[in-house]
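Notes for the one structure printed next.
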Amino acid sequence: MTNDPKAVVNRLIEDVINAHRPDLAHEVLHPQLRTRRMGMQGSAQYLGSLFQGAGAGLNGRGAPPTDPVEGFKAVYGLLLRAFPDLRNNVVGPQVVADDLVITRVTFAGTHEGEFLGLAPTHRKVEFDEVLFQKVTDGKVSEVWAVGDELGFLQQLGVLAGPEN
């Protein structure tokens, strides 16, 4: 286990998210993980509670488990079932300041499974997200994420895009 913040964040992106290995989440996510998501995943948590059967791993109310790492795994599982080729591609340089890593990623995937009540569209989607991640004791302890949720929903055909 490394304490280098950038290495920890990149391990989360590559070894957990891009390798589709949620079973490794406990190795890189702090047990007291705090997540402030202002993009698709935050909406997935909320919207998932509105749809019956939002996905395995979610409790009877559609909300993630109270353990934050298990919550990450539940929401990630929902996304992976809907977008089985999901990837977060790091775009440009990462900025590191002490224990904080700022990373711009492009979320990419093909909508092949039900997503929050939306039947598969088989559309490829790609949108940008900026992650602010704090590393404590060699694990990601805090995440603040802002993503282009509007663009994502437009690509899925849920919302109309701007007229050209």
Side-chain angles (χ1 to χ4, degrees), residues 1-49 53-116 120 124-147 149 152:
M1 177 170 76
T2 180
N3 285 325
D4 173 41
K6 184 175 174 183
V8 172
V9 165
N10 287 335
R11 181 158 188 242
L12 172 62
I13 292 170
E14 291 302 325
D15 295 353
V16 177
I17 295 171
N18 290 343
H20 303 167
R21 294 286 312 268
D23 57 301
L24 299 178
H26 285 282
E27 294 181 17
V28 292
L29 295 176
H30 197 278
Q32 300 300 315
L33 175 69
R34 293 184 305 166
T35 306
R36 295 177 181 95
R37 302 213 58 108
M38 302 201 47
M40 184 178 68
Q41 290 84 353
S43 294
Q45 288 177 327
Y46 169 72
L47 293 174
S49 69
L58 300 177
N59 68 27
R61 295 183 311 276
T66 56
D67 176 293
V69 176
E70 291 301 316
F72 167 86
K73 289 166 59 175
V75 172
Y76 176 76
L78 182 146
L79 291 171
L80 194 56
R81 285 188 297 279
F83 303 91
D85 59 346
L86 176 151
R87 284 197 53 82
N88 272 346
N89 301 304
V90 174
V91 178
Q94 292 171 288
V95 178
V96 180
D98 298 320
D99 59 358
L100 179 68
V101 181
I102 302 169
T103 309
R104 179 177 157 225
V105 298
T106 297
F107 172 101
T110 309
H111 182 211
E112 299 291 349
E114 182 180 331
F115 181 66
L116 305 177
K124 292 190 181 297
V125 296
E126 185 175 296
F127 70 93
D128 289 332
E129 187 168 53
V130 177
L131 305 171
F132 298 81
Q133 296 171 295
K134 181 179 179 183
V135 175
T136 304
D137 300 327
K139 295 185 177 190
V140 175
S141 60
E142 190 168 344
V143 177
W144 182 287
V146 181
E149 184 175 326
F152 167 72

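One is the number of the first residue; the rest follow in order along the sequence. Computed over heavy atoms, backbone and side chain alike; hydrogens, waters and symmetry mates excluded.
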Find out whether [X] and [Y] are in side-chain contact, i.e. whether some heavy atom of one side chain is under 4.5 Å from a heavy atom of the other.
X	Y	result
Asp128	Arg104	yes
Val105	Phe127	no
Phe107	Val125	yes
Phe72	Leu29	yes
Leu131	Ile102	no
Val143	Phe132	no
Ile17	Leu86	yes
His20	Leu80	yes

Query raised in the report: With sequence neighbours left out, what residues match Asp85 under salt bridge (Lys or Arg N to Asp or Glu O under 4.0 Å)?
Result: none
Over all heavy atoms of both residues, which pair between [X] and [Y] is shortest? Give the atoms and the distance, please.
X	Y	result
Pro84	Thr110	CD-O, 3.7 Å
His30	Ser141	CB-CA, 3.6 Å
Val8	Val28	CG1-O, 4.2 Å
Val16	Tyr76	O-OH, 3.6 Å
Gln94	Val9	NE2-CG1, 4.0 Å
Asp67	Val69	OD1-N, 2.8 Å

Do NZ/NE/NH1/NH2 and the carboxylate oxygens of [X] and [Y] come within less than 4.0 Å?
X	Y	answer
Glu142	Arg36	yes
Asp4	Lys6	no
Arg11	Glu27	yes
Arg21	Asp15	no

Query raised in the report: Is it true that atom CG of Asp23 has more than 12 heavy atoms of other residues, nucleotides or ligands lying nearer than 6.0 Å?
Result: yes
Query raised in the report: Near Lys73 NZ, under 6.0 Å, is it more than 12 heavy atoms from other residues, nucleotides or ligands?
Result: yes
Query raised in the report: Do you see a donor-acceptor pair shorter than 3.5 Å between the side chains of Glu14 and Asn18?
Result: yes
**Report entry** His26 and Glu70: side chain donor to acceptor below 3.5 Å
**Finding:** yes
Query - Aromatic ring pairing Phe115/His111, orientation class (parallel under 30°, perpendicular over 60°, tilted between) - result: perpendicular
